[in-house]
Amino acid sequence: MERTLQHITSIAHLTRSDAEHIFHLARKFREDFHQGIHQHSLEQKVVVNAFFENSTRTKNSFEIAALRLGAKVVSFSSTGSSVAKGESLFDTLQTLDAMFPDVIVMRNSLSGSAEYATRYVGASILNAGDGKHEHPSQALLDALTLLDVYETLEGKCIGIVGDIVHSRVARSNVLLLRLLGAKVFVCGPQTLIPTDLSTWNVQTCTTVNELIEECDTVMALRIQKERMDAGLIGSAGEYRKFYGIQMEHIETKPSLYVMHPGPVNYGVEIDFDVANSHRSLIRKQVTNGVFIRMAMLSVLKGRE
Ligand code: NCD
């Protein structure tokens, strides 16, 4: 059954059929786009893009997605707003909502902030990343990219390597990949592995070599320096040696694909030549991001 949703704050709230409906819409939008067919379904709608944290891909992708559906988009960023004068998240949300937008796409460094926002606004909330909690649109665009390669994720082995503990991308991806029937493996320095990992239903590998041996595709993550205390990892060189994806990895496993949500630190979690090789899905992830976000905006109910 296809449902419309009041908010999308977490993959945990989606069913497999919600996810499949979003993939179906995203593929349809992609096909129509390549045939020059324009969409107008959100023509009378106003979308506020409220980014309290830095972003290049997600912010522009949501903006372009809304514009491609005919919506009007207002972009808010905390620098240059009253947040810089000390205004609280609560007041900022209530102020934006008092202008009656239909959707608020929100990124904030507080885990749980998107769910918090749903309690105080009439607009639909779309979580564009809340602290280290979740990043649903990233997981959906990653899954669509994988489905373009494999058709089904049932029984596929997908590895995630790097800063797992601070990563909303890892949390959302684990939930969605498992919902779609994939086996998930994680790998990273002990200091960057969550202490509650036993509840995640994933398997672990000690080094990237082992992870690559086990997996069909490996996704590298950026070290989230902005979310960690100093001293959780050694030097970049040492990190690369045990957890970085290098040319020899893709040379020794010709079927391997690599992914990264971006932004990338070349020579740390992934080398430049690997990220820009034909085995990299990184640009496809970015392109799919727009179509997935069009689909996510389309399944929202809008103002209550
Ligand atoms: C990720 C994020 O912001 O969580 N980036 C993104 O949205 N493409 C990952 C990151 O910042 O490392």
Side-chain angles (χ1 to χ4, degrees), residues 8-12 26 49-66 75 77-79 105-115 125-146 158-177 186-189 192-194 218-228 232-233 236 239-240 243-245 258-272 275 280-294 296-297:
I8 304 179
T9 58
S10 164
I11 294 291
N49 242 341
F51 278 64
F52 299 82
E53 246 193 14
N54 297 340
S55 173
T56 297
R57 288 156 196 75
T58 309
K59 185 165 184 275
N60 290 298
S61 180
F62 265 117
E63 251 179 70
I64 291 172
S75 278
S77 53
S78 40
T79 42
V105 177
M106 177 174 150
R107 168 170 287 193
N108 191 282
S109 58
L110 286 174
S111 301
S113 50
E115 197 59 40
I125 293 287
L126 230 164
N127 182 7
D130 62 328
K132 48 189 183 174
H133 175 231
E134 278 224 38
H135 194 346
S137 65
Q138 182 69 42
L140 286 158
L141 75 88
D142 288 341
L144 178 67
T145 308
L146 285 166
I158 310 298
I160 307 179
V161 56
D163 182 357
I164 311 291
V165 73
H166 300 107
S167 175
R168 53 197 178 205
V169 175
R171 278 181 183 74
S172 288
N173 257 295
V174 167
L175 289 172
L176 185 60
L177 289 167
V186 301
C187 169
L192 300 180
I193 296 291
V218 170
M219 187 184 295
L221 300 175
R222 183 178 65 88
I223 306 278
Q224 308 276 298
K225 286 213 171 101
E226 69 275 32
R227 296 185 222 289
M228 67 168 71
L232 289 184
I233 54 160
Y239 182 89
R240 173 177 180 266
Y243 307 106
I245 308 180
V258 295
M259 300 175 84
H260 194 302
V264 175
N265 288 308
Y266 291 127
V268 184
E269 67 265 13
I270 191 166
D271 285 359
F272 179 88
S280 164
L281 301 175
I282 296 174
R283 296 288 170 267
K284 294 196 167 99
Q285 290 173 264
V286 175
T287 301
N288 279 336
V290 172
F291 301 113
I292 277 291
R293 290 173 175 123
M294 287 172 78
M296 292 174 83
L297 288 164

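Every number for a ligand or one of its atoms is a count from 1 in the order of the listing.
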Ligand 1: protein N/O within less than 3.5 Å of ligand N/O:
residue	atom	partner	partner atom	Å
ligand 1	3 (O)	R107	NH1	3.3
ligand 1	3 (O)	R107	NH2	3.2
ligand 1	3 (O)	R168	NH2	2.9
ligand 1	4 (O)	R168	NE	2.7
ligand 1	4 (O)	R168	NH2	3.3
ligand 1	5 (N)	G262	O	2.9
ligand 1	7 (O)	T58	OG1	2.9
ligand 1	7 (O)	R107	NH2	3.0
ligand 1	7 (O)	H135	NE2	2.7
ligand 1	8 (N)	Q138	OE1	3.4
ligand 1	8 (N)	P261	O	2.9
ligand 1	8 (N)	G262	O	3.3
ligand 1	11 (O)	R222	NE	3.4
ligand 1	11 (O)	R222	NH2	3.0
ligand 1	12 (O)	R222	NE	2.8
ligand 1	12 (O)	R222	NH2	3.4
ligand 1	12 (O)	Q224	NE2	2.8

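- No donor-acceptor distance shorter than 3.5 angstrom exists from the side chain of Q224 to the backbone of D163, with no hydrogens or angles considered.
- Within a 6.0 Å sphere centred on NZ of K132, heavy atoms belonging to other residues, nucleotides or ligands number 12 at most.
- With hydrogens and angles disregarded, no donor-acceptor distance shorter than 3.5 Å links the side chain of D130 to the backbone of N108.
- With sequence neighbours left out, R240 forms a salt bridge (Lys or Arg N to Asp or Glu O under 4.0 Å) with D271.
- Residue S280 comes nearest to A275 through the heavy atom pair OG-O, 2.7 Å, listed as atom of the first residue, atom of the second, then distance.
- Q285 places a side-chain N or O within donor-acceptor distance of the main-chain N or O of H260, the cut-off being under 3.5 Å.
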